[in-house]
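The block underneath contains the structure these notes are about, expressed in structure tokens.
Numbering of ligands and ligand atoms starts at 1, following listing order. The structure presented is a predicted model; accordingly, all values stated were derived computationally and were not measured. Numbering starts at 1 and runs along the sequence shown.
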Amino acid sequence: MQLIDIGANLTHESFRHDFDDVLARARNHGVARMVVTGASREGSEEALLLARAHPGLLYATAGVHPHHAAEYDDAVDARLRELAHEPEVRAVGEAGLDYFRHLSPREAQLAAFERQLAIAAELGKPLFLHQRDAHEDFLALLRRWRDRVPAMVVHCFTDTREALHDYLALDCHIGITGWICDERRGSHLREFVREIPADRLMIETDSPYLLPRTVRPQPSHRRNEPMYLKHICEEIARDRGEAVEVTAANSTVTAEAFFGLA
Ligand SMILES: [Zn+2]
């Protein structure tokens with residue numbers, strides 16, 4: 001089984017002390033490639049350096065998460081444009097809207113998101129997107145930009161069936177994390193994850209966040225890492241009523257096509 005973790009925050013400080021071990025454990029657990037999320041200007045620079053240091057194993061995205069939208073200015077925009085030209089950078093983002101945590105003002109979020117949509121459109125790059133409690137505004141921007149961007153993945157999808165079908169109608173890809181392994185808050189996803197076409201479904205850990213609750217025993221440190229991706233794949237396979245090998249193979253082919261990894 002050769003899995004691809006399309007969303008791993010490997011620049012997070014919690015990985016600094018044992019980074020090489022994290023990568024080794026991932027490979028030993030069938031995770032052949034990982035896309036390191038860039039969520040700020042500095043984080044995107046670091047993600048690129050990690051990808052350069054591990055060719056063929058790590059790739060990167062370059063973007064500014066809505067939490068950091070207030071930092072988005074012309075200099076950041078110019079640097080993101082440069083980063084997006086680097087061969088290791090396979091998508092623009094993480095970008096989008098988050099009205100749940102609301103760490104940046106709404107106007108700043110909308111502006112930063114639209115400028116990153118413009119970068120993806122100009123450079124012909126796919127987008128790695130985040131949406132929480134902001135479906136209506138998010139969908140309106142996707143509708144305005146969809147025809148100009150080659151592909152979009154709504155990462156860590158946790159929203160409703162209606163939101164899912166709004167995104168699928170725009171031919172978006174969907175990223176599923178260990179949220180689906182959480183019987184307390186992810187059970188709605190289990191009911192409709194089978195409605196995502198195989199060629200639109202990708203899997204991700206969102207490490208170090210969202211440790212799957214199906215990992216037994218739960219590690220005491222609570223840190224998630226790419227080695228646990230198979231737990232997410234197994235839960236999705238169960239909910240889709242298909243063999244885990246099928247979910248694994250399809251999600252890998254889909255991620256290869258999305259990020260140009262083949
Ligand atoms: Zn996110």
Side-chain angles (χ1 to χ4, degrees), residues 4-15 34-44 46-47 50 59-72 80 89-104 106 108-110 112-117 119-120 125-135 137-139 141-142 149 151-160 163-164 166-167 172-182 185-186 189 193 196 200-212 222-226 228-229 232 255 258-259:
I4 299 176
D5 187 349
I6 69 149
N9 299 282
L10 296 181
T11 61
H12 193 272
E13 58 189 8
S14 66
F15 291 119
M34 292 152 261
V35 183
V36 182
T37 307
S40 64
R41 178 192 166 152
E42 300 73 34
S44 299
E46 287 173 39
L50 290 179
Y59 298 87
T61 72
V64 173
H65 190 284
H67 291 346
H68 302 291
E71 299 161 17
Y72 202 102
L80 283 189
V89 174
R90 296 307 171 103
V92 174
E94 180 169 1
L97 301 174
D98 192 314
Y99 298 167
F100 177 70
R101 302 273 305 277
H102 234 285
L103 297 184
S104 279
R106 223 168 254 227
Q109 290 192 35
L110 289 162
F113 184 23
E114 191 141 33
R115 292 186 76 173
Q116 291 175 87
L117 284 160
I119 294 174
K125 285 268 186 175
L127 273 160
F128 186 86
L129 299 174
H130 171 106
Q131 183 277 116
R132 196 147 177 222
D133 282 6
H135 175 65
D137 285 359
F138 182 82
L139 183 65
L141 278 170
L142 292 200
V149 177
M152 300 174 159
V153 59
V154 182
H155 114 98
C156 192
F157 181 85
T158 59
D159 214 321
T160 63
L164 172 71
D166 284 339
Y167 302 146
C172 292
H173 288 65
I174 306 293
I176 299 288
T177 61
W179 195 280
I180 199 170
C181 300
D182 186 335
R185 57 182 187 171
L189 296 175
V193 72
I196 304 171
R200 289 295 174 269
L201 172 62
M202 301 190 283
I203 59 178
E204 46 174 338
T205 58
D206 209 21
S207 302
Y209 315 111
L210 300 178
L211 177 71
R222 309 286 311 157
R223 184 186 70 178
N224 193 11
E225 56 176 89
Y228 297 127
L229 186 61
I232 298 163
F258 185 91
F259 292 101

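Taking 2.8 Å as the criterion, His155 counts as a coordinating residue of the Zn ion (ligand 1), since one of its N, O or S atoms falls below it.
In terms of distance to the Zn ion (ligand 1), the nearest N, O or S atom of His130 is named ND1. Residue-level check: among N/O/S atoms of Glu94, OE2 sits closest to the Zn ion (ligand 1).
Residues Asp98 and Arg101 are not paired through a salt bridge, judged by the lack of any N-O separation under 4.0 Å between the basic side chain and the carboxylate.
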ask   = Please walk me through it: do Gln131 and Tyr167 pass side chain to side chain donor-acceptor pair (under 3.5 Å)?
value = CA-CA 11 Å; Gln131 183 277 116; Tyr167 302 146; 3.0 Å; yes
task = Any chance you could lay out the side chain to side chain donor-acceptor pair (under 3.5 Å) test for His135 and Asp159, step after step, and finish with the verdict?
result = CA-CA 8 Å; His135 175 65; Asp159 214 321; 4.6 Å; no
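Nearest heavy atoms, Met34 versus Leu10: SD-CD1, 4.2 Å.
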